[in-house]
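Report on the following structure.
Chain naming here is simple, since letters A, B, ... match the order of the sequence lines and numbering starts at 1 in each.
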There are 2 protein chains.
Amino acid sequence: MARWEPGATARLQKAALELFTSQGFEQTTAAEIAQAVGLNRRTFFRHFPDKRDVLFLGQQELEGALVAAVAQAPAGESPMSLIGFAIARVADMFADTPREHARARQTIIDTNAALLERQHHKNANLAQLLRDALRDQGIAEPAATLAAESAVTVFNLAFRQWLATNETRTLSVIAAETLAELRALDVRR
Amino acid sequence: MARWEPGATARLQKAALELFTSQGFEQTTAAEIAQAVGLNRRTFFRHFPDKRDVLFLGQQELEGALVAAVAQAPAGESPMSLIGFAIARVADMFADTPREHARARQTIIDTNAALLERQHHKNANLAQLLRDALRDQGIAEPAATLAAESAVTVFNLAFRQWLATNETRTLSVIAAETLAELRALDVRR
DNA sequence: GTCTATAGTGCGATAGAC
DNA sequence: GTCTATCGCACTATAGAC
């Protein structure tokens with residue numbers, strides 16, 4: 001056996017998801033997760049700045065895709081169109097993510113305040129990056145912030161719907177519909 | 001001196017704000033805050049479930065006012081009108097809050113990731129309560145969630161603007177303007 | 001890889017308000 | 001007497017320092 005197996009980060013994530021599912025987040029210590037994959041407790045914290053972060057990876061790819069989608073959009077688009085591009089792009093990234101895996105992860109997060117807190121924080125960061133990208137496309141404040149926050153809301157709502165049991169539509173389709181609902185908010189009723 | 005002076009919660013908050021301002025959030029221990037007002041470390045944790053919470057009080061009043069504003073609105077209003085009521089009501093609550101105090105508090109929060117995280121979490125909870133209130137007023141999903149999240153975004157943006165140096169308008173005025181900007185998002189450009 | 005600070009918790013004792 | 005706020009001790013686990 002090699003001094004260290006490759007993919008330690010991924011193995012730690014996998015073990016963490018399993019342990020959190022079976023015994024709960026707070027009942028699982030960082031040492032336990034590390035031990036499950038033959039690593040030292042200290043090594044766990046070398047891979048993740050804190051215990052919660054083990055559930056929030058792939059965030060960087062998401063952020064990059066979001067910003068790129070806005071940056072590559074044709075010039076002169078409206079805020080709503082721009083966030084439409086961004087949402088569509090990110091939804092596509094989840095096209096081949098297994099629904100069951102995402103569901104298991106979200107279940108753990110939803111049953112723990114500290115994890116929900118981290119997720120809200122990640123969402124807020126995402127909105128901030130998107131806001132900056134919108135500004136770079138010439139959108140002024142407060143429109144840039146309002147649009148960016150709306151985009152994150154729309155995406156999260158669509159994501160929740162995508163995870164719902166009996167939901168068979170793709171995330172892209174759901175997201176597009178949710179965005180349409182947002183645009184209709186004002187004219188409704 | 002009596003075994004306990006009244007208003008321990010408020011005194012702890014005041015001392016915490018001062019200590020956080022002078023030495024930073026992480027450099028200040030819970031024991032230190034308690035000691036500053038002649039209390040035991042253990043007592044601090046009786047008043048606040050955790051150290052961060054000492055900066056987030058008055059949250060319950062805010063939540064109550066928000067929900068009440070929506071609940072008391074005339075029947076048959078549009079989502080946008082309803083969040084207009086809610087935002088106006090909450091903005092009024094800040095009418096006699098000293099700007100300097102709010103600024104000091106926000107400065108501390110902005111310079112610490114853990115505190116920002118908590119603030120984002122509180123915002124998310126606020127949005128959720130507002131969403132439920134909108135549902136009770138007959139607003140269906142996904143409109144209820146979209147409107148609730150938008151309301152929180154508008155309010156926070158307005159609040160940030162209110163804190164800006166050289167800003168002299170009241171929070172109510174700024175909030176109303178920001179809401180108008182949200183409604184104009186779609187027609188823009 | 002070890003050592004330490006400190007957040008946060010559980011429990012029992014105590015002191016005052018009523 | 002009860003009820004509630006405070007205290008003090010011991011404990012665990014995270015997170016960071018060395």
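- Side chain of B:E32 to backbone of B:T29: a donor-acceptor contact under 3.5 angstrom is found.
- Side-chain to base pairing of B:R42 with D:dA10: no donor and acceptor N or O lie closer than 3.5 Å to each other.
- Backbone-only engagement by B:A8 is indicated by non-hydrogen atom pairs under 4.0 Å involving sugar-phosphate atoms exclusively.
- Between the C1' atom of D:dT14 and the CG atom of A:N112 lies a distance of 14 Å, rounded to the nearest Å.
- Close to C:dT6, at under 4.0 Å from its OP1 or OP2, lies no side-chain N or O of B:T29.
- The shortest distance between the side-chain N/O atoms of B:H47 and the OP1/OP2 oxygens of D:dT6 is below 4.0 Å.
- DNA chain C is contacted by both B:R46 and B:R52; B:R52 maps to the nucleotide lying nearer its 5′ end (nearest heavy atom per residue).
- The distance between atom CZ of A:R118 and atom P of D:dA15, rounded to the nearest whole Å, is 8 Å.
- The CD atom of B:E32 sits 14 Å away from the C1' atom of C:dA7 (whole-angstrom rounding).
- For the pair A:E26 CD and C:dG8 P, the interatomic distance rounds to 12 Å; values are reported in whole Å.
- The CZ-C1' distance, from A:F48 to D:dA13, rounds to 18 Å in whole Å.
- Using bins of under 30°, 30° to 60° and over 60° for the plane-to-plane angle, the ring pair A:F155/A:F94 lands in the tilted bin.
- On a pure distance criterion of 3.5 Å, a polar donor-acceptor pair joins the side chain of B:R41 and the base of C:dG8.
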Please test B:F20 against B:N112 for side chain to side chain contact (heavy atoms under 4.5 Å, CB included), starting from the C-alpha separation and ending with a verdict. CA-CA 11 Å; B:F20 291 165; B:N112 184 279; over 6 Å; no

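- Between B:N40 and the phosphate of D:dG8, there is a side-chain N or O to OP1/OP2 separation shorter than 4.0 Å.
- For the pair A:I33 CD1 and D:dA15 P, the computed distance is 11 Å after rounding to whole Å.
- In this structure, CZ of B:F45 is placed 18 Å from P of C:dC11, rounded to the nearest angstrom.
- Proximity note for A:K51 (side chain, C-beta onward) versus D:dC7, D:dT14, C:dG8: the nearest is D:dT14.
- One atom, CD of B:Q27, and another, C1' of D:dA17, lie 14 Å apart when rounded to the nearest Å.
- Checking side-chain atoms of A:Q137 against main-chain N and O of A:A71 turns up a donor-acceptor pair under 3.5 Å.
- A salt bridge does not link A:R99 to A:E167: none of the charged side-chain nitrogens sits closer than 4.0 Å to a carboxylate oxygen.
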